[in-house]
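See structure below.
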2 protein chains.
Amino acid sequence: MRAVILRLILNFLKIVSMALKTKSQFQNFLKQQGLKWTPERERVFQEASVMEGHFEAEELAYRLRKKGSRISKATVYRTLPLLVRTGLIKDVIHGEKHQHYEHIHEENLHDHLICLKCGKIVEFEEESLTKIERKVCAKYQFQPQKILIEIFGCCRECR
Amino acid sequence: MRAVILRLILNFLKIVSMALKTKSQFQNFLKQQGLKWTPERERVFQEASVMEGHFEAEELAYRLRKKGSRISKATVYRTLPLLVRTGLIKDVIHGEKHQHYEHIHEENLHDHLICLKCGKIVEFEEESLTKIERKVCAKYQFQPQKILIEIFGCCRECR
DNA sequence: TTTTTTGCAAATGGTTTGCATCCTT
DNA sequence: AAGGATGCAAACCATTTGCAAAAAA
């Protein structure tokens with residue numbers, strides 16, 4: 001019992017400290033670039049942190065509005081690339097009409113299976129892919145910034 | 001000398017027969033779908049066959065116009081997806097603003113290194129990737145239709 | 001005070017679509 | 001004759017941008 005509570009507390013602390021860490025990363029990035037820390041950017045950052053899985057600019061803007069933050073879509077569209085440049089989120093699923101973003105968790109690199117029928121997106125992890133990627137980049141002396149692996153097709157349920 | 005000429009002729013025949021083959025593939029596809037074979041579709045198909053490397057709808061339309069074919073952009077945009085569905089071309093480079101297409105050569109599956117500085121696209125082939133893809137799809141019982149592997153970054157020359 | 005940011009509305013630009021007309025089958 | 005296909009121009013629609021007012025440094 002004590003152990004369970006302890007674990008909960010530790011977990012909570014971990015989440016809080018992570019949030020603080022990424023927030024100051026963002027602040028540092030802005031300062032270093034001569035950009036300003038504003039309430040709007042803080043709100044966008046906050047909401048992006050809370051989004052689960054993939055999300056798009058439009059949806060984030062909508063949620064902010066629903067929560068009473070009167071932040072324009074333009075600002076959202078202007079802030080998300082900053083978060084990308086800070087390295088806190090990345091954009092994925094380039095095939096769709098909208099831009100999709102997702103959080104970057106260093107421990108959890110994954111790629112996507114995308115069902116063309118139902119639109120479901122399954123994430124998968126494949127350690128050996130990373131090795132091959134590195135090999136290819138070395139061969140061409142190419143410095144990778146972002147690697148996109150997406151398999152489009154038909155998922156088990158839709159068959 | 002005779003051998004060289006012979007090889008040239010054989011090569012020429014190969015190209016011609018390939019062209020005829022893909023053309024009839026397209027015709028069969030249309031018939032089978034209850035769609036019609038038209039001069040416009042033939043011209044788009046022809047021009048797409050001649051395009052080298054990646055190309056986009058806009059460019060193909062421009063070339064047709066330059067060659068005197070008065071084919072509307074709308075028709076080009078409507079025809080390219082048919083060629084994709086026929087399996088003669090596929091779309092790649094989803095990250096850019098425009099849709100990019102390229103030919104499908106069964107013998108030559110490749111992926112892309114895309115330089116974010118100069119925009120150069122280097123194709124690479126990596127046999128072992130295909131194996132892993134198959135493994136992942138098997139694991140999730142996912143039926144792949146299109147696999148997209150793109151590495152964005154900075155090429156040797158731009159560093 | 002200087003420089004950046006914001007919100008609004010308008011612009012962008014590749015792609016899609018409605019519709020009358022034209023063409024295949 | 002009947003159902004598609006075409007061309008044109010208008011519509012889409014996510015994203016970007018110009019600009020004046022507001023806020024951060």
Side-chain angles (χ1 to χ4, degrees), chain A residues 23-24 26-48 54-65 67-86 89 91-101 119, chain B residues 23-24 26-48 54-65 67-86 89 91-101 119:
Chain A
K23 180 166 156 181
S24 67
F26 188 31
Q27 290 175 317
N28 288 339
F29 170 79
L30 291 176
K31 183 174 294 178
Q32 169 209 321
Q33 299 280 314
L35 303 176
K36 286 165 181 168
W37 176 248
T38 66
E40 289 81 5
R41 285 178 176 163
E42 178 166 19
R43 286 294 295 117
V44 172
F45 160 79
Q46 209 178 96
E47 199 62 32
H54 305 117
F55 63 93
E56 30 189 294
E58 207 66 41
E59 188 189 348
L60 200 153
Y62 172 71
R63 292 206 186 184
L64 286 171
R65 233 175 302 132
K67 291 186 181 173
S69 299
R70 316 191 104 283
I71 295 176
S72 72
K73 278 200 282 186
T75 297
V76 172
Y77 276 105
R78 282 189 277 230
T79 305
L80 287 176
L82 296 176
L83 288 173
V84 172
R85 285 170 58 203
T86 310
I89 62 177
D91 45 78
V92 289
I93 323 285
H94 289 212
E96 305 290 308
K97 38 208 154 197
H98 321 333
Q99 197 82 355
H100 284 231
Y101 294 95
Chain B
K23 180 166 158 183
S24 66
F26 188 31
Q27 290 174 316
N28 288 339
F29 170 80
L30 291 175
K31 185 174 292 177
Q32 169 208 322
Q33 299 279 315
L35 303 175
K36 286 163 181 168
W37 175 248
T38 67
E40 288 81 4
R41 284 179 177 162
E42 179 167 17
R43 286 296 294 118
V44 173
F45 160 79
Q46 208 177 99
E47 200 61 34
H54 305 116
F55 62 94
E56 31 189 295
E58 208 65 42
E59 189 189 347
L60 201 154
Y62 171 72
R63 293 207 186 184
L64 286 172
R65 234 176 301 131
K67 291 186 181 173
S69 298
R70 315 193 103 281
I71 294 177
S72 72
K73 278 201 281 187
T75 298
V76 172
Y77 276 106
R78 283 188 276 230
T79 304
L80 287 176
L82 296 176
L83 289 172
V84 172
R85 286 170 58 203
T86 310
I89 61 176
D91 45 80
V92 290
I93 322 284
H94 290 212
E96 306 290 308
K97 38 208 156 197
H98 322 333
Q99 196 81 356
H100 284 231
Y101 295 95

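To find a chain, count down the sequence lines: A is the first, B the second, and so on, and within it residues start at 1. Because the structure is a prediction, the values reported are computed rather than measured.
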Between CD of A/Q33 and P of D/dA25 the distance, given in whole Å, is 15 Å

Checking C/dT5, D/dG4, D/dA25 against the side chain of B/L35 (C-beta onward), the nearest is D/dG4

Atom CG of B/L60 and atom C1' of C/dT15 are separated, to the nearest Å, by 15 Å

Rounded to whole Å, CD of A/E42 lies from C1' of D/dA23 at a distance of 15 Å

A/L30 atom CG is separated from D/dA24 atom P, nearest whole Å, by 14 Å

Side-chain atoms of B/E58 come closest, of C/dT6, C/dT15, D/dG7, to C/dT15

Judged by nearest nucleotide, the residue sitting upstream toward the 5' end of DNA chain C, B/E56 or A/T79, is A/T79

(message) Between D/dG7 and B/R78, counting only base atoms on the nucleotide and side-chain atoms on the residue, is there a donor-acceptor pair under 3.5 Å?
(response) yes

Against the side chain of A/K36, the closest entry in D/dA5, D/dA25, D/dT15 is D/dA25

When rounded to whole Å, the CZ to P distance for the pair B/R41 and C/dT25 reads 10 Å

In short, salt bridge (charged side-chain N to carboxylate O under 4.0 Å, His left out) pairs touching residues 26-35 of chain B with sequence neighbours left out are none

Result for 5'-nearest mapping on DNA chain D, choosing between B/G34 and A/T38, is B/G34

Heavy-atom closest pair (A/F29 atom, A/R85 atom, distance to 0.1 Å) is CZ-CB, 3.6 Å

Of the candidates C/dA9, C/dG18, C/dT5, the side chain of A/A74 sits closest to C/dA9

Separation of D/dC8 atom C1' from B/I71 atom CD1, nearest Å, is 15 Å

Less than 4.5 Å apart, side chain to side chain, heavy atoms only: is that true for B/P39 and B/E42?
no

Minimal heavy-atom distance between A/L64 and A/R43, with the atoms involved, is CD2-NH2, 3.5 Å

Closest heavy-atom pair, B/K36 versus B/L30, reported as atoms and distance to 0.1 Å, is O-CD1, 3.7 Å

message: Is the shortest side-chain heavy-atom distance between A/W37 and A/K23 below 4.5 Å?
response: yes

To the nearest angstrom, the CZ-C1' distance between B/R43 and D/dT6 comes to 16 Å

As a check of understanding: the bend across the helix from C/dT1-D/dA25 to C/dT25-D/dA1, end axes from five pairs, rounded to 10 degrees, works out to 30°

Donor-acceptor contacts under 3.5 Å from residues 74-83 of chain B side chains, at least two apart:
residue	atom	partner	partner atom	Å
B/T75	OG1	B/S72	OG	3.2
B/Y77	OH	B/E58	OE1	2.9
B/T79	OG1	B/T75	O	2.7

Against the side chain of A/Y77, the closest entry in D/dA5, D/dG18, D/dT15 is D/dT15

Between CD of B/E40 and P of C/dT21 the distance, given in whole Å, is 18 Å

- Query: Do B/K73 side-chain and D/dG7 base share a donor-acceptor contact under 3.5 Å?
  - Reply: no

